[in-house]
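Values in this document were obtained by computation on a predicted structure and should not be read as measured data.
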Amino acid sequence: MMARFMILKVEQQIFETLKRKQNILIALPEKPSLDAIAASLGLKMTLEKMQKTVKVVASGYEPSTSHSFIPKSKEIFSDLTTLQKFIITMDISKAPVEDVAYTISENRLNIYVTPKTGFYEERDVKTSAGEFSFDLVITLDAPDLQSLGHIYENNAEFFYHT
């Protein structure tokens with residue numbers, strides 16, 4: 001017996017995808033049109049009503065007084081930040097932690113972990129990259145990813161992965 005699959009219309013596919021995703025990035029091209037700005041902010045507000053976390057970004061965007069009548073027009077970011085966390089994991093089963101501190105010097109982050117007793121070794125430390133901050137990207141008014149400018153150029157791996 002052959003399995004029967006229900007084919008969803010494009011609108012249904014979009015809605016089902018939106019239901020499954022939580023952290024959504026709306027990306028606009030460099031120098032977005034007023035229509036793209038308004039559409040992205042309208043979509044942002046709709047998605048927020050669905051309890052989604054949403055960020056709108058446009059490469060080099062600067063709020064204009066001509067956009068001030070659009071609700072949330074100052075909530076468009078010009079760059080992507082905090083896309084992914086870097087994770088440092090330590091096995092503290094043999095030496096519990098007394099204190100954690102850090103310094104930044106000469107473009108280096110130094111993390112100091114002081115054990116209550118005993119000591120730590122290199123084999124107790126592992127590093128990894130965390131998940132990306134967004135699990136869905138929606139582009140508006142962008143014919144291709146290159147039109148997103150440095151938002152795409154500086155984060156191509158994120159766009160490929162997401």
Side-chain angles (χ1 to χ4, degrees), residues 7-91 100-113 122-162:
I7 298 178
L8 300 176
K9 293 182 180 177
V10 173
E11 296 85 1
Q12 292 169 314
Q13 290 178 35
I14 293 169
F15 186 71
E16 290 301 316
T17 299
L18 290 174
K19 283 183 4 185
R20 288 191 318 269
K21 304 300 180 176
Q22 183 57 43
N23 300 301
I24 302 169
L25 176 69
I26 299 173
L28 303 176
E30 284 185 292
K31 300 176 185 166
S33 68
L34 188 56
D35 287 344
I37 291 167
S40 68
L41 294 171
L43 180 57
K44 174 182 176 16
M45 290 187 284
T46 300
L47 293 170
E48 287 173 341
K49 285 184 180 183
M50 296 172 63
Q51 305 299 310
K52 307 297 180 182
T53 302
V54 184
K55 182 175 185 176
V56 180
V57 66
S59 183
Y61 177 78
E62 292 183 25
S64 168
T65 55
S66 64
H67 304 151
S68 61
F69 71 95
I70 302 172
K72 299 189 177 226
S73 62
K74 293 183 180 175
E75 294 183 24
I76 298 175
F77 294 85
S78 62
D79 204 353
L80 278 176
T81 57
T82 62
L83 266 182
Q84 189 176 32
K85 292 182 180 179
F86 183 75
I87 302 168
I88 301 169
T89 305
M90 284 188 63
D91 178 0
V100 177
Y102 73 91
T103 60
I104 298 175
S105 175
E106 299 177 11
N107 291 322
R108 293 185 181 265
L109 171 65
N110 298 298
I111 301 171
Y112 305 96
V113 182
E122 283 185 42
R123 69 176 180 228
D124 297 327
V125 180
K126 293 181 182 173
T127 62
S128 62
E131 293 293 317
F132 285 108
S133 302
F134 301 99
D135 53 7
L136 178 66
V137 177
I138 299 172
T139 60
L140 295 177
D141 201 31
D144 54 36
L145 291 174
Q146 287 73 23
S147 67
L148 301 177
H150 76 267
I151 298 294
Y152 171 70
E153 292 164 8
N154 296 342
N155 304 289
E157 183 179 337
F158 160 71
F159 279 88
Y160 174 77
H161 174 79
T162 307

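Every residue meeting the side chain to side chain contact (heavy atoms under 4.5 Å, CB included) condition with F86, not counting sequence neighbours, appears here in chain and number order: I88, T127. Checked against salt bridge (Lys or Arg N to Asp or Glu O under 4.0 Å), E48 has the following partners two or more places apart in sequence or in another chain: K44, K72. With sequence neighbours excluded, the residues forming a side chain to side chain contact (heavy atoms under 4.5 Å, CB included) with N154 are H150, listed by chain and number. A search for salt bridge (Lys or Arg N to Asp or Glu O under 4.0 Å) contacts involving R20 returns nothing, not counting sequence neighbours. Contacts of K19 classified as salt bridge (Lys or Arg N to Asp or Glu O under 4.0 Å), with partners at least two apart in sequence or in another chain: E16. Residues satisfying the side chain to side chain contact (heavy atoms under 4.5 Å, CB included) test with N107, not counting sequence neighbours, are none. Partners of K49 according to the side chain to side chain contact (heavy atoms under 4.5 Å, CB included) rule, which considers only residues two or more places apart in sequence or in another chain, do not exist here. Applying the side-chain hydrogen bond (donor to acceptor under 3.5 Å, both in side chains) criterion to Y61, with sequence neighbours excluded, gives H67. Every side-chain hydrogen bond (donor to acceptor under 3.5 Å, both in side chains) that Y112 has, sequence neighbours left out, goes to T103.
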What pairs of donor and acceptor atoms, side-chain ones from residues 25-38 against any protein atom, are under 3.5 angstrom apart with sequence neighbours left out?
| unit_1 | atom_1 | unit_2 | atom_2 | d |
| --- | --- | --- | --- | --- |
| S33 | OG | A36 | N | 3.0 |
| S33 | OG | D141 | OD2 | 3.3 |

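Considering every non-hydrogen atom in both A142 and L148, the closest pair reads CB-CD2, 3.9 Å. L145 and Y152 get closest at one heavy-atom pair: O-CB, 3.3 Å.
Rounding to the nearest 0.5 Å gives a distance of 12.0 Å between NZ of K52 and CG of L43. Of the inter-residue distances, the one linking F158 atom CZ with Q84 atom CD reads 10.0 Å to the nearest 0.5 angstrom. With rounding to the nearest 0.5 angstrom, the CD1 atom of I87 is 13.0 Å from the NZ atom of K126.
Between the side chain of K55 and the backbone N or O of L80 there is no donor-acceptor pair closer than 3.5 Å.
Relative orientation of the H161 and F132 rings is tilted, given thresholds of 30° and 60° on the angle between their planes.
Contact annotation: the side chain of D135 approaches that of Q22 to within less than 4.5 Å [non-hydrogen atoms, C-beta and beyond].
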